[in-house]
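Encoded as structure tokens, the structure appears first; notes follow it.
Only heavy atoms go into these numbers, but all of them, side chains included; no hydrogens, no water, no symmetry mates.
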2 protein chains.
Amino acid sequence: MSNQNSEPAPRPVDEIDLALLRALQADARAPIGTLSDAAGVSRATAYARLARLREEGIITALTVTVHPKRVGLGVSAVVLIRSTPDNWKTWSSMLPILEAMDEVEYAADLAGEVDLLLLVRLRDVEHLQRFVTEELRGRIPGIGSVRTLLVLNQTPERSLVLPS
Amino acid sequence: MSNQNSEPAPRPVDEIDLALLRALQADARAPIGTLSDAAGVSRATAYARLARLREEGIITALTVTVHPKRVGLGVSAVVLIRSTPDNWKTWSSMLPILEAMDEVEYAADLAGEVDLLLLVRLRDVEHLQRFVTEELRGRIPGIGSVRTLLVLNQTPERSLVLPS
DNA sequence: GGTGAAAGATTAGAAGG
DNA sequence: CCTTCTAATCTTTCACC
């Protein structure tokens with residue numbers, strides 16, 4: 001995976017692209033005919049558009065969203081990390097490390113009182129403890145403080161709401 | 001959408017289910033034959049399993065993941081909210097309000113020094129300002145402090161890493 | 001439960017205007 | 001961007017293990 005903020009947007013998407021993306025958000029397995037109807041274009045056009053959206057990286061992935069608890073990941077947590085001024089790695093050097101951790105679903109480099117935020121998915125609280133003490137402090141240099149916030153309730157994962 | 005933490009897991013998924021889910025994570029538009037091959041079962045079985053996974057809510061959605069910047073959402077931010085002890089609504093009463101806000105991609109009710117975390121996607125910084133001052137403070141009662149952290153860099157959205 | 005086969009209907013993917 | 005084409009795939013249903 002590449003850094004999501006690195007490349008600028010060369011060509012903006014138009015209304016047809018947005019309609020296709022919205023239709024895919026509703027059902028990624030919808031047949032092309034359904035998608036093309038939703039966008040008001042022919043199937044061939046929908047094909048061409050989808051290929052372009054994939055090539056240009058506008059479509060990051062076509063995936064399934066899974067209920068975490070039902071697959072053995074009963075605990076979610078938000079980890080807020082502050083760095084020590086020295087020995088703190090750059091984002092680009094940490095990215096591969098973070099992505100190699102199965103527990104990390106989302107990581108963000110922040111401006112403000114917190115330097116790094118992680119959303120992690122774990123089997124249980126013991127798993128959380130091991131993750132923070134061993135994985136995190138062991139592998140990421142320059143960690144100052146770590147605050148772990150248990151998730152009590154959360155929205156189901158949802159896609160971006162595309163602008164109109 | 002329903003609360004993701006409300007229902008217990010009645011029946012656990014098995015290895016075949018996990019294999020199907022992993023194949024769908026890689027490509028949600030993969031033909032059934034590809035999915036059934038990946039899981040080592042027949043197509044008929046893959047059909048039956050997928051129907052069951054949908055019915056039981058283990059599959060939350062089959063969606064497309066989009067690069068936010070390329071669709072006009074150039075700014076991401078994390079909003080940390082602390083409540084005032086009085087007038088703070090319950091999670092279940094806030095959920096529909098939060099889900100009605102297009103800017104909110106993810107919301108979590110937290111245990112700890114922060115009560116509510118939002119991941120928001122916005123067009124620009126002006127949009128962020130309007131969101132925090134008007135949408136948030138205007139619609140959610142009982143907000144104590146609001147800390148807004150700009151996202152400088154982030155991982156692309158990624159699916160859960162399913163356990164083995 | 002899972003299998004393999006059969007069946008028509010639908011869709012995919014490419015070619016050409 | 002559309003229409004047209006053939007091969008491939010979908011999806012259900014079946015009898016059987």
For atom CG of A:Leu50 and atom C1' of C:dT11, their distance in whole Å: 14 Å
Nearest to side-chain heavy atoms of A:Pro31, which nucleotide of C:dT11, C:dG2, D:dC10: C:dT11
Closest nucleotide of DNA chain D for A:Ser42 versus for B:Gly33: which of these residues is on the 5' side? A:Ser42
Any idea which of D:dT13, C:dA12, C:dA15 is nearest the B:Ala44 side chain? D:dT13
To the nearest angstrom, how far is A:Arg29 atom CZ from D:dT9 atom C1'? 11 Å
N/O (side chain, B:Thr45) to phosphate O (OP1/OP2, C:dT3) under 4.0 Å: yes
Return the value, rounded to whole Å, for the distance between atom CD1 of A:Ile32 and atom C1' of C:dG13. 10 Å
In whole Å, I'd like the distance from the CZ atom of B:Arg43 to the P atom of D:dC10. 8 Å
With B:Glu55, which residues qualify under side-chain contact (heavy atoms from CB on, under 4.5 Å), at least two apart? B:Ala51
Just how far, in rounded Å, is C1' of C:dG13 from CZ of A:Arg52? 19 Å
The nucleotide from D:dT11, D:dC2, C:dG13 with an atom nearest the side chain of A:Tyr47 is C:dG13
Basic-acidic side-chain contact under 4.0 Å: B:Glu113, A:Arg147: yes
Heavy atoms only: give me the nearest A:Ala23-A:Ala38 pair and the separation to one decimal. CB-CB, 4.0 Å
Option from A:His127, A:Arg130, A:Arg123 for which side chain to side chain donor-acceptor pair (under 3.5 Å) with A:Glu103 holds: A:His127
Using whole Å, report how far CZ of B:Arg49 lies from P of D:dT11. 19 Å
